[in-house]
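Numbers restart at 1 for each chain; the letters A, B, ... are given by sequence-line order, proteins then strands.
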Amino acid sequence: MSGGGRSIRVLNVAEKPSVAKSVATILSGNQGLRIREGRSRYNKIFEFNYSINGQPSLMLLTSVTGHLMEVEFEDRFRKWHSCDPADLFHAPVRKFVPQDKTDIKRTLEEEARKCQWLVLWLDCDREGENIAFEVIQVCTAVNRHLTIKRARFSALIDREIHAAAQNLVQPNKGFADAVDARQEIDLRIGASFTRFQTMLLRDAFVIDAATDDRNLVLSYGPCQFPTLGFIVERYWEVQSYVPEEFWTINCSYKSDEGFASFSWMRGHLFDYTCAVVVYEMCVQEPNATVTKVKKQEKLKYPPYPLNTVELEKRASRYFRMSSEHTMKVAEDLYQAGFISYPRTETDSFSERTNLHAIVLEQQGHPVWGPYAQRLLDPGSGLWRNPGNGGHDDKAHPPIHPTKFSAGEAGWSQDHLRLYELVVRHFLACVSQPAVGAETTVEIDIAGELFAASGREIIAKNYLDVYRFESWGGSLIPTYVVGQQFVPTTLTLDSGVTRPPPLLSEADLLTCMDKEGIGTDATMHDHIKKLLDRFYATKDANTRFSPTNLGEALVMGYDDMGYKLWKPYLRAVMERDMKAVSEGAKRKAEVLETCLQQMKACFLDARLNKVKLFEAMAIFFERSNRSIGDEQHTSGEVVRPCGLCLESDMVLRKNRDGNFMVGCLGFPQCRNVVWLPGSVSEAVVTTNVCNSCNPGPVRKIQFTFRRLEIPLDYNSIHLGCIGGCDETLRELIEICGTGSRTSARGRATPVVSGSVQRSNMRQGACIYCHQTGHSSSGCPSQFSGPQSARSRGMNGQNNNTQSVCIYCHQLGHSSINCPSQSSATQSGELSIPCNSCGAPCPLRTANTANNRGRKFYSCQLKECNFFVWEDSLNSGTGGRSIRANNTISSSNSSRNSGGGGTRRVARAAPNAASVTFVSATGDPVSGRRCFVCGDPAHFANVCPNRG
DNA sequence: GCAAGGTC
């Protein structure tokens with residue numbers, strides 16, 4: 001059937017086959033819907049008649065499968081040794097349809113030729129908009145007269161889809177541009193750093209990863225490295241953790257009515273003497289008086305509707321499934337029609353979703369069917385409209401069951417589990433919260449307050465079906481205000497603080513989600529990549545540790561002062577992408593700025609590669625294979641170095657095959673002359689230049705690649721690198737140098753002596769933007785950034801700094817950027833440290849919860865004294881910072897854990913746990929001072945208290 | 001042999 005009459009042919013393209021099918025079914029009302037094959041076996045073509053704003057149309061609806069195109073370097077830059085990795089920041093890239101997508105491209109071309117309109121039904125996000133423009137490019141290449149329209153829809157439901165078809169808009173170039181920029185930046189950064197660090201380190205060390213070293217790729221990526229950074233950072237936190245002993249008073253009371261355990265409302269004290277003094281007061285007057293009884297109803301709410309990250313986190317927590325495996329299983333269930341689309345950010349249901357129908361389907365299940373029935377019974381009062389998690393990707397609903405199953409023949413245990421999780425989660429979402437009655441009792445013993453609480457679950461509600469969650473609690477006896485009793489036990493107990501645990505897979509996903517690393521569809525890929533690259537390992541409890549290789553790489557960059565392993569770079573990129581999508585910045589502008597900074601960062605990292613070597617050397621043996629590092633191979637002497645005046649400069653060839661003349665004093669002296677990239681051979685001769693100083697400067701016989709130099713230059717040339725050689729200088733201008741400068745010669749050749757002065761095309765210093773000196777010799781750069789890692793090495797030899805990657809300003813290193821600081825220092829106000837006596841400057845917090853709040857913190861790195869200014873004023877005093885300490889509940893020996901020397905020095909013997917038993921023991925006789933052990937006095941008057 | 005993003 002053809003359009004006929006005034007009917008037009010409209011080519012509609014969706015992002016994936018499933019959406020094409022849904023849209024076709026909805027628009028056609030399932031009437032007269034025809035399906036035919038396209039060139040690709042996955043992407044069918046649906047045909048039906050439809051009227052767009054009264055315009056009769058023959059609709060052809062097909063799909064792509066995600067991106068139709070890829071970005072790659074032009075062929076001559078694709079081989080690893082084809083160019084200096086630094087050139088990849090400017091090497092030409094192209095966007096093309098890869099081989100495995102050509103069948104889809106052909107379908108689009110064939111259909112587009114016969115159509116008048118092209119309507120884009122891609123997902124309504126930035127990537128979708130970019131794919132839309134890929135489709136436009138392919139279709140308009142064969143039919144320039146196409147009218148282009150964009151359908152905007154937020155859910156695959158009738159009203160939305162019809163409304164989208166009747167209100168077609170124009171595609172948004174800003175969104176697509178943002179993705180183009182992101183793709184190009186990711187490619188350039190990833191490829192350059194990956195090639196650089198792989199070629200630098202792989203052959204230089206014996207890396208005992210479970211693969212052939214030669215095949216090992218030490219990849220760098222703007223998502224994988226911050227993910228590794230999260231793991232390493234927590235690992236370092238655990239490694240450097242110093243356990244600290246604390247003291248607490250516990251009290252219990254057992255009567256005919258039952259048992260209650262009271263805990264000290266001060267929590268715990270790190271000062272043994274203080275704890276003992278208070279404890280003695282309690283022991284002397286052990287009578288407890290009930291001061292407060294509070295009863296209240298507490299609700300425990302069901303989770304929000306399920307999105308991808310939550311699905312991955314919960315499957316990891318409940319079943320210990322890896323996020324990657326979870327997504328594979330979820331994809332299977334989705335393909336077979338049992339669950340909805342598994343890659344979604346959305347955690348709230350549209351009002352128009354028929355939630356009852358989804359529950360209805362589950363009524364027949366032998367295990368949770370009865371619960372589904374209760375939900376649908378209005379008399380049960382169990383139903384509740386689901387909560388709104390606040391995220392909506394406007395493309396997909398939360399993950400929910402779409403077809404009933406009591407288990408299928410081909411399902412593995414994990415398919416069963418995941419389907420069960422999706423169903424139970426959905427049923428929980430539409431259920432009432434659990435209801436509990438909580439009782440809190442406070443007692444006073446000698447002026448010290450203690451509290452006990454109990455909980456009784458009144459209605460389990462959603463917990464009946466969501467077996468993965470529980471709500472613990474026990475009952476306590478009834479107390480009344482004013483009631484008095486003598487505790488059954490009153491103990492002074494010690495414990496030690498413990499480090500936070502290593503990151504679990506769920507923790508890692510939380511970090512990534514919070515910092516915007518990856519997308520819901522790719523986060524599991526980044527985690528898997530770390531395992532595949534031998535950067536990290538996962539233990540049986542799904543906890544991640546870095547491998548030596550992962551730790552060494554992060555340590556190396558950290559020692560350089562670069563936070564390439566932190567999420568900030570991605571965050572800055574994301575902000576720029578947003579600016580492009582909103583039209584606030586142009587794509588070209590963002591690309592240029594970002595790549596320029598990253599290139600400066602790359603060059604600087606390369607200058608500081610000794611840091612990477614040092615970090616690797618901590619963990620790995622040096623290899624006797626060729627080390628592949630141009631600074632470590634010796635060469636023939638060309639001249640004495642005019643910069644350090646100590647060492648000779650020698651001719652060398654780096655791994656990329658490019659020639660340079662570098663100072664043997666590296667890394668102390670970084671003087672180097674890069675030679676034209678077109679040199680194929682260079683030999684030092686005995687011929688000495690008559691004019692260049694300091695001499696003697698021996699001339700070099702160059703052979704240039706004929707095709708890479710202009711015709712009027714000889715391919716053989718006896719040249720001088722001292723600065724007098726016009727020909728050499730011209731060829732550097734024309735061809736660029738082989739390394740550290742782009743082919744267009746825009747970056748900074750690092751030259752010395754008269755070459756430096758005579759080379760008018762020399763780029764500006766990357767630090768101060770002046771000409772006349774090399775970047776590595778910039779006078780503004782001699783106070784280097786310090787290591788950010790608390791257990792890190794010192795910052796020797798770190799005398800470089802570049803444009804700050806965060807605020808784009810000069811004058812400070814990235815790690816000292818005020819925009820990134822967790823706190824800013826104000827004025828000269830300071831107080832002496834309570835702990836060590838050093839000054840504690842007044843600072844202003846910049847964290848989410850305490851922004852603007854003032855605090856003092858000790859300036860000594862080793863000392864962690866910290867106090868809020870307002871708590872000082874209110875007299876509550878200071879304490880040491882301890883992040884995420886968890887408290888051991890068991891008693892322990894005073895000397896365990898190795899922490900808290902200050903307290904150990906004052907410790908009394910055998911004081912690990914002091915017990916007063918009111919029913920049997922004599923509370924006074926046999927007692928002695930807990931500080932010095934003297935029975936003649938109590939600790940509060942002990943002369944040895946210090 | 002390199003990234004991250006779609007999706008099959």
Side-chain angles (χ1 to χ4, degrees), chain A residues 14-20 38 40-44 63-73 77-83 85 87-89 91 93 95 97-98 100-101 103-104 122-123 125-135 175-176 178-200 202-203 211-227 327-328 330-332 334-336 341-343 393 395-396 512 516-529 532-533 564 569-570 573-574 577 598 602:
Chain A
E15 188 158 323
K16 44 191 162 276
S18 63
V19 171
S40 148
R41 67 192 183 97
Y42 300 110
N43 306 84
K44 315 282 182 206
S63 55
V64 287
T65 47
H67 276 288
L68 186 57
M69 297 181 159
E70 274 177 13
V71 179
E72 250 306 352
F73 293 110
F77 292 94
R78 292 180 65 173
K79 284 215 165 13
W80 277 38
H81 292 285
S82 63
C83 65
D87 293 344
L88 297 177
F89 285 96
V93 291
K95 201 166 178 184
V97 179
D100 62 338
K101 297 285 176 73
D103 47 4
I104 298 177
L122 285 306
D123 291 355
D125 52 24
R126 285 207 303 244
E127 296 294 334
E129 213 64 24
N130 189 268
I131 301 170
F133 278 85
E134 293 171 359
V135 172
F175 274 38
V179 172
D180 277 340
R182 199 260 314 142
Q183 289 175 333
E184 194 175 325
I185 292 168
D186 283 346
L187 175 66
R188 292 185 188 280
I189 295 176
S192 55
F193 275 91
T194 299
R195 289 185 193 182
F196 158 64
Q197 60 186 31
T198 304
M199 295 194 289
L200 178 71
R202 181 181 59 191
D203 293 337
T211 183
D212 178 5
D213 280 3
R214 294 273 172 190
N215 294 327
L216 193 68
V217 173
L218 308 187
S219 62
Y220 176 88
C223 285
Q224 53 178 272
F225 242 59
T227 307
M327 291 313 288
K328 255 194 200 124
E331 182 67 28
D332 287 348
Y334 163 65
Q335 290 295 335
Y341 188 69
R343 288 181 283 274
D393 62 17
H396 308 286
M512 296 171 75
I517 300 299
T519 68
D520 50 0
T522 61
M523 280 154 73
H524 66 272
D525 284 335
H526 302 311
I527 296 175
K528 182 167 184 292
K529 185 153 276 173
D532 292 345
R533 297 278 189 228
L564 291 169
L569 174 63
R570 197 71 186 168
M573 276 170 65
E574 186 56 35
M577 296 311 110
M598 282 311 296
F602 176 86

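- Residues A/Leu88 and A/Thr519 both approach DNA chain B. Their nearest nucleotides, taken by heavy-atom distance, put A/Leu88 toward the 5′ side.
- Of the side-chain N and O atoms in A/Gln224, one or more sit less than 4.0 angstrom from OP1 or OP2 of B/dA3.
- Nucleic acid contact class of A/Glu331 (heavy atoms, under 4.0 Å, all strands): sugar-phosphate only.
- OP1 or OP2 of B/dT7 has not a single side-chain nitrogen or oxygen of A/Lys101 nearer than 4.0 Å.
- Not one N or O on the side chain of A/Arg533 forms a donor-acceptor pair closer than 3.5 Å with the backbone of A/Tyr220.
- Between A/Glu127 and A/Lys16 there is no salt bridge, since none of the side-chain N atoms of the basic residue sits less than 4.0 Å from a carboxylate O of the acidic one.
- Between A/Arg41 and A/Asp103 there is no salt bridge, since no side-chain N of the basic residue sits under 4.0 Å from a carboxylate O of the acidic one.
- Summarising the geometry, the separation between NE2 on A/His524 and P on B/dA4 is reported as 13 Å, rounded to the nearest angstrom.
- A/Tyr341 comes within 4.0 angstrom of sugar-phosphate atoms only, judged by non-hydrogen atoms across all strands, and of no base.
- Residue-level contact check: A/Asn43 touches neither bases nor backbone, having no heavy atom under 4.0 Å from any strand.
- The listed nucleotides are B/dA4, B/dG5, B/dC2; the one nearest the side chain of A/Asp186 is B/dA4.
- Between A/Glu134 and A/Lys95 there is a salt bridge, since at least one side-chain N of the basic residue sits less than 4.0 Å from a carboxylate O of the acidic one.
- At the heavy-atom level, A/Ile189 lies nowhere under 4.0 Å from the strands shown.
- A stacked arrangement is not assigned to A/Tyr220 and the six-membered base ring of B/dA3, the conditions of a centre distance below 5.5 Å and an interplanar angle below 30° not being jointly met.
- Phosphate proximity of B/dA3 to A/Arg533: present, with a side-chain N or O under 4.0 Å from OP1 or OP2.
- Using a 4.0 Å cut-off, no side-chain N or O of A/Arg78 falls inside it from OP1 or OP2 of B/dC2.
- Among the heavy atoms of the strands lying under 4.0 Å from A/Arg182 is at least one base atom, whether or not backbone atoms are also near.
- Note on A/Gly128: nothing from the nucleic acid sits closer than 4.0 angstrom, heavy atoms only.
- Taking atom CD of residue A/Glu72 and atom P of nucleotide B/dG5, one finds them 17 Å apart after rounding to whole Å.
- Of the two residues contacting DNA chain B, namely A/Phe73 and A/Glu127, the nearest-nucleotide position lying further toward the 5' end is that of A/Phe73.
- A/Leu68 has its CG atom 12 Å from the C1' atom of B/dT7, to the nearest Å.
- Between A/Thr522 and B/dA4 there is no side-chain polar atom (N or O) within less than 4.0 angstrom of OP1 or OP2.
- In this model, the phosphate group of B/dC2 is not approached by any side-chain N or O of A/Thr198 to a distance below 4.0 Å at OP1 or OP2.
- Within 4.0 Å of A/Val64, counting heavy atoms only, lies no atom of the nucleic acid at all.
- With B/dA3, B/dG5, B/dG1 as the choices, the nucleotide that has an atom nearest any side-chain atom of A/Lys529 turns out to be B/dA3.
- Look at A/His81 and you won't find any side-chain N or O under 4.0 angstrom from OP1 or OP2 of B/dG1.
- Applying the ring-ring contact (aromatic ring centres under 6.0 Å, His included) criterion to A/Phe133, with sequence neighbours excluded, gives no partner residue.
- Within the structure, every side-chain polar atom (N or O) of A/Arg195 is placed at least 4.0 Å from both OP1 and OP2 of B/dA3.
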